[in-house]
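Report on the following structure.
Side chains are part of it too, since the values below use all heavy atoms of this structure and drop only hydrogens, waters and symmetry mates.
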Amino acid sequence: GAVVSQHPSWVICKSGTSVKIECRSLDFQATTMFWYRQFPKQSLMLMATSNEGSKATYEQGVEKDKFLINHASLTLSTLTVTSAHPEDSSFYICSAEDSFTDTQYFGPGTRLTVL
Amino acid sequence: GESVGLHLPTLSVQEGDNSIINCAYSNSASDYFIWYKQESGKGPQFIIDIRSNMDKRQGQRVTVLLNKTVKHLSLQIAATQPGDSAVYFCAEKEGTGGTSYGKLTFGQGTILTVHP
């Protein structure tokens, strides 16, 4: 089946630093990738839609200057949390949409802890 | 705004029983529905999907039923096993022409616990 990877799987950083999370589709091409965040015992909340070769589309209330998204190829999207603060601590999950089937496959998630 | 919701936040069953997880949706423009399973600390795993031109679809031990009249979706798991214990999310996607085309909207999630 389709596999999506994320790196790193977990990261701990100091307040004020920036953290980059990578999302890769390993065996299919994804024109569109999505970034979600999930708080404990809650559902997934869509942050932004990442389209290869163009600017990301952010959901209402998500700061585009704080959560930088780059989708430079059909298999890679990155999310950079800039000047991270403790309230940014969360589980960040990406998904990649198979261009042929429209099915979204999810990565394993990245646990971000900001001290 | 429109949302996808679940009737039951938790469900406990005995191993071998059949499980039914329900989901209500409110966006009439949605034409594609998916069930995901999420284990603790992991990303959602695709289970089964169904398009709005169908009312039933079967997979291995799982069946999804769609009732568009009452905007209701259910996931049936046959012979539930301890390994099925997880949080189950329904998700919906709007069809072409919708303002949210391509985006998935997730329900709240149901915690399924299977007792040996």
Side-chain angles (χ1 to χ4, degrees), chain A residues 1-10 21 23-26 28 30-52 54 56-62 90-99 101-113, chain B residues 1-10 21 23-25 27 30-53 57 59-60 64 86-96 98-113:
Chain A
V3 178
V4 176
S5 69
Q6 278 185 244
H7 178 80
S9 56
W10 60 271
I21 303 170
C23 177
R24 293 180 185 273
S25 57
L26 299 186
F28 65 98
T31 305
T32 304
M33 291 184 174
F34 301 86
W35 287 96
Y36 299 81
R37 69 187 295 181
Q38 184 180 34
F39 292 107
K41 299 189 185 302
Q42 293 189 22
S43 189
L44 283 75
M45 295 299 296
L46 179 65
M47 299 175 65
T49 302
S50 170
N51 295 295
E52 187 266 336
S54 64
T57 304
Y58 291 82
E59 294 301 298
Q60 191 173 8
V62 178
S90 188
F91 193 49
Y92 291 87
I93 307 172
C94 73
S95 71
E97 186 173 79
D98 187 313
S99 302
T101 66
D102 288 344
T103 301
Q104 280 192 35
Y105 297 96
F106 284 80
T110 297
R111 174 75 58 193
L112 171 63
T113 302
Chain B
E2 299 196 279
S3 64
V4 177
L6 295 177
H7 295 305
L8 301 174
T10 62
I21 301 172
C23 177
Y25 67 95
N27 187 352
S30 295
D31 69 351
Y32 179 51
F33 304 87
I34 314 101
W35 281 101
Y36 288 96
K37 171 186 179 183
Q38 187 179 28
E39 296 176 274
S40 181
K42 298 183 179 179
Q45 176 186 357
F46 173 89
I47 300 174
I48 192 167
D49 60 359
I50 189 168
R51 296 197 181 272
S52 60
N53 61 350
R57 190 161 187 229
Q60 187 177 13
V64 56
V87 180
Y88 289 80
F89 293 99
C90 64
E92 59 172 338
K93 183 191 281 192
E94 279 190 14
T96 56
T99 58
S100 298
Y101 172 65
K103 301 178 186 178
L104 284 180
T105 301
F106 280 80
Q108 297 175 8
T110 293
I111 301 172
L112 175 65
T113 303

For this session: Mind telling me whether Tyr105(A) and Phe46(B) have parallel, tilted or perpendicular rings, with 30° and 60° as the class edges?
Result: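 Tilted.
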For this session: Please state whether the side chain, the backbone, both or neither of Ser9(A) comes within less than 4.5 Å of a heavy atom of chain B.
Result: neither
Problem set entry | Under 4.5 Å from a heavy atom of chain B, the part of Gln42(A) involved | backbone
Problem set entry | Ser43(A) side-chain N/O to Gly107(B) backbone N/O, donor-acceptor pair under 3.5 Å |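 Checked: pair present.
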For this session: Determine the option with the most heavy-atom pairs under 4.5 angstrom with chain B, choosing from Arg111(A), Met45(A), Glu97(A), Glu59(A).
Result: Glu59(A)
Problem set entry | Part of Gln45(B) within contact of chain A (heavy atom distance under 4.5 Å) | neither
Problem set entry | Validation row: Leu104(B), Phe34(A) side chains within 4.5 angstrom (heavy atoms) |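 Result no, sub-4.5 Å side-chain heavy-atom pair not found.
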Exercise. Are side-chain heavy atoms of Leu44(A) and Gln38(B) found at a separation under 4.5 Å?
Worked result: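 Counting from C-beta outward, Leu44(A) and Gln38(B) do come under 4.5 Å.
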For this session: Give, for atom CD of Gln104(A) and atom OH of Tyr36(B), the distance between the pair rounded to the nearest 0.5 Å.
Result: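 With rounding to 0.5 Å, CD (Gln104(A)) is 5.5 Å from OH (Tyr36(B)).
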Problem set entry | OG1 on Thr32(A) to NZ on Lys103(B), rounded to 0.5 Å | 12.0 Å
Exercise. Is it true that Phe106(A) and Phe106(B) have ring centroids separated by less than 6.0 Å?
Worked result: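 Between Phe106(B) and Phe106(A), which both carry aromatic rings, the centre distance is below 6.0 Å.
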